[in-house]
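Just so it is clear, the structure is predicted and the values come from calculations on it, not from any experiment. Convention: sequence-line order gives letters A, B, ...; per-chain numbering from 1. Below, all heavy atoms of this structure are taken into account, side chains as well, without hydrogens, waters or symmetry copies.
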Amino acid sequence: MSAEWSADEMMTVAAARQLRDGTACFVGIGLPSTAANLARATHAPRLVLIYESGCLGAKPDRLPLSIGDGILADTADAVVSVPEVFNYWLQPGNIDVGFLGGAQLDRYGNINTTAIGGDYGDPKVRLPGAGGAPEIAASCREVIVIMRQSPRSFVERVDFVTSFGYGTGSGDRERLGLRGAGPQVVITDLGVLRPDPATQELVLTELHPGATVEQASAATGWPLRVADDLRTGEPPTGSELSVLRALKAATGGSRSVAGA
Amino acid sequence: MSAEWSADEMMTVAAARQLRDGTACFVGIGLPSTAANLARATHAPRLVLIYESGCLGAKPDRLPLSIGDGILADTADAVVSVPEVFNYWLQPGNIDVGFLGGAQLDRYGNINTTAIGGDYGDPKVRLPGAGGAPEIAASCREVIVIMRQSPRSFVERVDFVTSFGYGTGSGDRERLGLRGAGPQVVITDLGVLRPDPATQELVLTELHPGATVEQASAATGWPLRVADDLRTGEPPTGSELSVLRALKAATGGSRSVAGA
Amino acid sequence: MAEIVSLAEGVAELVNDGDTVALEGFTHLIPFAAGHEIVRQRRRDLELVRMTPDVIYDQLIGMGCARRLVFSWGGNPGVGSLHRFRDAVERGWPAPLEIEEHSHAGMANRYVAGASGLPFAVLRGYTGTDLPRHTDTIKPITCPFTGEVLTAVPALNPDVAIVHAQRADRAGNVQMWGITGVQKEAVLAARRSLVTVEEIVDTLEPMPTQVVLPTWAVSAVALAPGGSHPSYAQGYSVRDNDFYQAWDAISRDRDSFTAWMHKHVLDARRNA
Amino acid sequence: MAEIVSLAEGVAELVNDGDTVALEGFTHLIPFAAGHEIVRQRRRDLELVRMTPDVIYDQLIGMGCARRLVFSWGGNPGVGSLHRFRDAVERGWPAPLEIEEHSHAGMANRYVAGASGLPFAVLRGYTGTDLPRHTDTIKPITCPFTGEVLTAVPALNPDVAIVHAQRADRAGNVQMWGITGVQKEAVLAARRSLVTVEEIVDTLEPMPTQVVLPTWAVSAVALAPGGSHPSYAQGYSVRDNDFYQAWDAISRDRDSFTAWMHKHVLDARRNA
């Protein structure tokens, strides 16, 4: 890693780069919101940010403090009720990209934000729960996941499927009648994983500058497959870094991610 | 009939008197709207007028030209969508009184606004159809009907049940699970009919001043029962008449009722 | 993102013969100019959907654009019958008109289901009426928790929805206010949508009771000032009540109707 | 018609031990003052309902007011865990907490069904997740038209809904704006409702994005300026982000939590 930028900054920049201008993006708070706002402030000025609080087309000039920060309502094209944002905007497949984080992710892109260890009725760690994620994962045309990678978080099989990725592999989404394509890319602090087109298993396709396959494998709780054409991503540009830092500074200090 | 007021004016005044102050009333256009606005302008200043266009608590100072007249939105406590007015306000039983007109009414208070004669696919007269009436008739705590009386309009059995009254008599509403009490009073240009508590058949309980039982019977297409304690209503007061005429004058001339 | 087009282009691009077309607007903001353009472009075999087929659908039906009507109340509001609608239903002129008839609550919920990406909606509706005997898109449904039987109606997903609004900005974001009826639901339920507007402005000043349709939820926006006449656009025009009264006489007779449509629609272009 | 009452009177009259109580407000307009009054009045055995049980429910749970929680996301937004919620679920302190867990889409639709007088709602939801294995209020339902299988959830009809709004007028009409979440649905779904407000005014100036609850749809209105602190009331206050951060440390430990609640809630009256 370079001393000029942190692994979290690299992860955020890599995630932001995934967002195409002019698309509509359903944004969770924390890392997804930071990355989406970075994208809007750099290469994707017409990115449409949708927050589950009912703000459609929010245009904050700092990072929102919560999913329902007043700046989202003040700058939105439309403010609608929470039932409406889920029923009229998310459910019919009107949103291009869902942007999710999580506490656990497994090799088929399933996400756990509910409970870890023990059993559901008597968990070792109780997490916040589902929120909007199950339906974001199901109904957005595609899903981008952003999560720090570690053997505890990248597991063989999640303890609880809060948000469905590819289930146990190829064909499961189709069998269940899910309309969205599922998690097409997972951005971590070490690199980028994508589902194998045949099996839907997440495969390392890209390393961030300075990160190694060994680090990525060590931070993954399943035998990590590496793509034949593994590439190394571009480091953050000066402009990306300065915009990201300015967004955070305007917010009054960086915020930690919601979760356990 | 006195020369000082018309039968239609008497009917409208009698209907307005049925509305208690402070209640919420779902108002159809035409005679119901005239009567409800007269009530609000006289004895029931806190009557809540609800129009199916989504205007809750409209306070027009003239008669609206249509169910969606701009004056309704301008003066309403809240303007909501059409789905919302039916789903959140009417359907759960939040509205005290539904105020309906019709083209045909039968002895059990069922109303037809769909088609007369022939059969449904090839009717003699095609009427406008249901509009909001079926659910108003079902879900309001009670229903008031206002209709001019004639053998063609007051029939043994309606050709088409657009809005359910008491079906074929006592117990039908309960069997169908309808929550509202149904048509508790029918105001005509000759008098007032109410359902017999035992059979739910509409019975003449009141005559307007100057009207006779013979006229009412002749204007009814079934053998009309007359209540033992038949009474004669009060004529319109000077104040009722002047307010009614002022409301109509402010509207720019009286309007005919929607319908065939 | 919505394209800004002329009304003629919008109708030509978005409305095809045989389409299911919903023109919505609940007594307010009725898209008359767009309806007239459909007549001018001589669209045929349309399945017309509308809660309140009033004068605008009387015109489309009388001009032979429709093969089918899905509706809940067909009258001239505040005046009386729709004579062209009745002539089509009662006597098959100028062509037989198949009808699918609902209540307002049912139609509104059908649009809600369509906008929500669901195949059906549930309501307390139609109970005890004769409508379910004649309309096969009304079915019972049982609550899986209580066992109570309610009514289901299928989603409406028109090929095209057309509505009229007060304003759009240059990016194609649409703003309407006042009585906004079922227009949001109709646009979101439809595969394509055309919004005619009184005005295209630089920025949309927020208004109480506003409904905003973001540009990415609309196919095309066309400038059509006065495009809701004889209905009204709150803040821009008032209802031409005399026209609704006059329509009764114009439309009562086939010849006077046809002459009026030729003079005022086919041979004229509205100020769009 | 809504009665104008003091907050203490409103809670005393409307909230009983054992009730199902929904305090709503989606990050904005969270009715903290009312929650604190429930703590002060030492209500017990409540079934607490809320999409986002955040700090306010952490406080109610930690003070032993709740026996059951119906929810979809329980965290300290932007900060992390709810330690009192976790302590109750993981270790049963101060009392075991039964949970009924949904997604936001499911909870929102449960309120919609409740507000609509329907026993259930239909959505595309929960598919493939483990939630239906643990939550018996999630069931399949088949479309009677297409045969497609969707998800049904039962209506929520709380005994009491409590929300915070910017303003009411003297007749008890309530006005809120900005992010209004699921508050209208919660109030309409509930048997009784209490609205705390920043201000009681003579007339409600219309606002873009406003939601108005007419007085006849509300049981009681209580003046509680600042009553949404540490959340915010748009136009009146900003989010006290430092408090949310500080809550993490306060609530992590049972003793420091209890001491804080005694000092700031039980022994204090808010400025209401």
Side-chain angles (χ1 to χ4, degrees), chain B residues 19-27 36 40 44-52 54-59 70-98 132 134-141 176-181, chain D residues 1-3 108-122 155-158 161 165-177 180 182-193 195 201-219 221:
Chain B
L19 296 169
R20 292 180 300 282
D21 197 17
T23 56
C25 178
F26 205 106
V27 186
R40 209 182 64 79
R46 295 186 312 140
L47 185 69
V48 178
L49 305 188
I50 294 160
Y51 286 84
E52 66 192 15
C55 299
L56 310 180
K59 292 171 273 292
I71 201 171
L72 300 176
D74 284 342
T75 60
D77 294 323
V79 181
V80 302
S81 73
V82 164
E84 180 176 325
V85 79
F86 284 104
N87 289 349
Y88 286 5
W89 298 92
L90 176 63
Q91 183 166 266
N94 288 331
I95 315 291
D96 299 297
V97 180
E135 287 76 24
I136 294 172
S139 293
C140 287
R141 290 189 188 119
L176 290 169
L178 296 173
R179 294 164 156 200
Chain D
M1 301 294 155
E3 229 186 320
N109 277 292
R110 296 185 67 189
Y111 278 122
V112 168
S116 301
L118 294 174
F120 70 105
V122 178
L156 278 170
N157 291 106
Q166 281 99 335
R167 295 197 289 228
D169 66 18
R170 294 184 202 288
N173 296 294
V174 169
Q175 184 192 37
M176 60 183 90
W177 65 87
T180 52
V182 75
Q183 284 100 301
K184 178 189 276 188
E185 287 76 12
V187 167
L188 294 181
R191 289 171 188 86
R192 305 183 294 276
S193 58
V195 183
V201 298
D202 288 330
T203 44
L204 300 172
E205 178 76 11
M207 296 291 289
T209 79
Q210 75 180 10
V211 165
V212 171
L213 294 169
T215 179
W216 50 280
V218 173
S219 309
V221 169

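Smallest separation of non-hydrogen atoms from D:L204 and D:D169: CD2-N, 3.8 Å. The two residues B:A73 and B:C55 have their closest heavy-atom pair at N-SG, 3.5 Å.
Distance check: D:N109 CG to D:L156 CG gives 10.5 Å after rounding to the nearest 0.5 Å. Interatomic distance, CZ of D:R170 versus OG1 of D:T203, reported as 9.5 Å (0.5 Å rounding).
Every side chain to side chain contact (heavy atoms under 4.5 Å, CB included) that B:A181 has, sequence neighbours left out, goes to B:Q184. B:P92 pairs by the side chain to side chain contact (heavy atoms under 4.5 Å, CB included) definition with B:N94, not counting sequence neighbours. Qualifying salt bridge (charged side-chain N to carboxylate O under 4.0 Å, His left out) partners for D:R167, counting only residues two or more places apart in sequence or in other chains: none.
With a threshold of 4.5 angstrom between heavy atoms, B:V79 does not approach chain D through any atom at all.
Options D:S116, D:G114, D:G117 differ in how many heavy-atom pairs under 4.5 Å they form with chain B, and the most are formed by D:S116. Across B:R46, B:R179, B:E84, the residue that shares the most heavy-atom pairs under 4.5 angstrom with chain D is B:E84.
Using non-hydrogen atoms only and a strict 4.5 Å limit, the part of residues 210-217 of chain D facing chain B consists of D:V212, D:P214, D:W216, D:A217.
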